[in-house]
Amino acid sequence: MPIGVFAISVLRSQLDRMLSHEAGTRLGEDPEELHDMRVAVRRLRAAIRLFRPVLKPGWKKVRDELAWFAEELGRVRDLDVLIGRIEGWLPKLGKSADSTLTLLEELRAIRKERRIQLLAALDSTRFEELIKSFRSNLPEVRTGEAQGAVQVKVPALIGRRARRFFDRARELTAESTGPDRHQVRILAKRFRYAVDFSIPVYGLRAERVSSTLGELQDILGAHQDAFVAKSFLETLADGRDSLEPALAAINRRFEASIRKDSKRELAILKVRLPEEWDLLTRKMGKLAKKRSPR
């Protein structure tokens, strides 16, 4: 399959995935529907970035609009995650439970406001135009660059993301800061989605790399969630002594969770992922050699 046809098929399938969660997101009964829609938007943006060499310039505006919509989804999803975590910790918070219940009430009220804003975004002309623009751009690929075989073109696209990820990930230690981990998380996400899109081409080898990157993403995501949540809660509780017990207890839980995951994170980065990536690159090299013009 030519790389241009492959790119358009990936974009079309990711758009279908995103829209399949629109009804559930609007209904709001299952928070995972919103989460899945947000992930689909992320994957769409990653696909546009990955296949940029074969896509026409009009796709840049589509990607920028997807960033706007992702932010609208994220404002609600971040609170879903935070509220869910605090609710799970509630039985173990002891004397700070009453203070935590007050905090939860405020977080739910903020979430309600943000959900109203999200529904307004879904009903907006801007969202309607985003979908129209996406569909009108689907046939748009660069004529020359779009002709090479997938097996020949894709390794370079994925390899670029792999190099950026590994260069940054090697610098991580158990003492690395929140922003350092967040940067590695962003690069891991781009790397993972690029590998994900190639699963139809490379099969099990790509699935294993994607799965391991997903596990790493979850760990780094938990670190970032803690970093963002602590900052948000500190702002919310600023100058309010009644919320201080809840804030202190929640921070202790976040710190314990981060310490627990640090060893697993480093084992994935230093051992499992390099080994699995090496096996995938060998397979990519063999298939590229078969498909390259003599």
By side-chain contact (heavy atoms from CB on, under 4.5 Å), which residues pair with Ser211, not counting sequence neighbours? none

With sequence neighbours left out, what residues match Ser13 under side-chain contact (heavy atoms from CB on, under 4.5 Å)? none

Please tabulate, one pair per line, all N/O donor-acceptor pairs under 3.5 Å involving side-chain atoms of residues 37-46, not counting sequence neighbours.
from, atom 1, to, atom 2, distance (Å)
Arg43, NE, Gln14, OE1, 2.9
Arg43, NH1, Asp196, OD2, 2.7

What's the separation between atom CG in Leu233 and atom CD in Glu106, rounded to the nearest 0.5 Å? 10.5 Å

By side-chain hydrogen bond (donor to acceptor under 3.5 Å, both in side chains), which residues pair with Glu129, not counting sequence neighbours? none

Among all residues two or more places apart in sequence or in another chain, which pass the side-chain hydrogen bond (donor to acceptor under 3.5 Å, both in side chains) test with Glu87? Arg108

Applying ring-ring contact (aromatic ring centres under 6.0 Å, His included) to Tyr193 and not counting sequence neighbours gives none

Not counting sequence neighbours, list each pair that qualifies as a salt bridge (Lys or Arg N to Asp or Glu O under 4.0 Å) and has a residue in residues 6-23. Glu22-Arg26

Would Val10 and Leu19 show up in the same hydrophobic cluster when neighbours are defined by side-chain heavy atoms closer than 4.5 Å? yes

Please collect all salt bridge (Lys or Arg N to Asp or Glu O under 4.0 Å) contacts where either partner lies in residues 164-174, sequence neighbours excluded, each pair once. Asp167-Arg170, Arg168-Glu171

So that I know where these two stand, are Phe51 and Trp59 an aromatic pair - ring centroids less than 6.0 Å apart? no

Could I get the full list of side-chain contact (heavy atoms from CB on, under 4.5 Å) partners for Ser124, not counting sequence neighbours? Trp68, Arg126, Phe127

Show me, pair by pair, the donor-acceptor contacts under 3.5 angstrom made by side chains of residues 70-77, not counting sequence neighbours?
from, atom 1, to, atom 2, distance (Å)
Arg75, NH2, Gln117, OE1, 2.5
Arg77, NE, His35, ND1, 3.4

Between Ala47 and Leu11, which heavy-atom pair has the shortest distance, and what is it? CB-CD2, 3.8 Å

Considering non-hydrogen atoms only, spot the tightest contact between Thr25 and Glu33 and give its length. OG1-O, 3.4 Å

side-chain contact (heavy atoms from CB on, under 4.5 Å) against Glu113, all qualifying residues, sequence neighbours excluded: none

Heavy-atom check, side chain of Leu55 versus side chain of Ile8, under 4.5 Å: yes

Considering residues at least two apart in sequence or located in another chain, which fulfil the side-chain hydrogen bond (donor to acceptor under 3.5 Å, both in side chains) criterion with Arg115? none

Angle between ring planes, Phe191 versus Trp277, binned at 30° and 60°: parallel, tilted or perpendicular? perpendicular

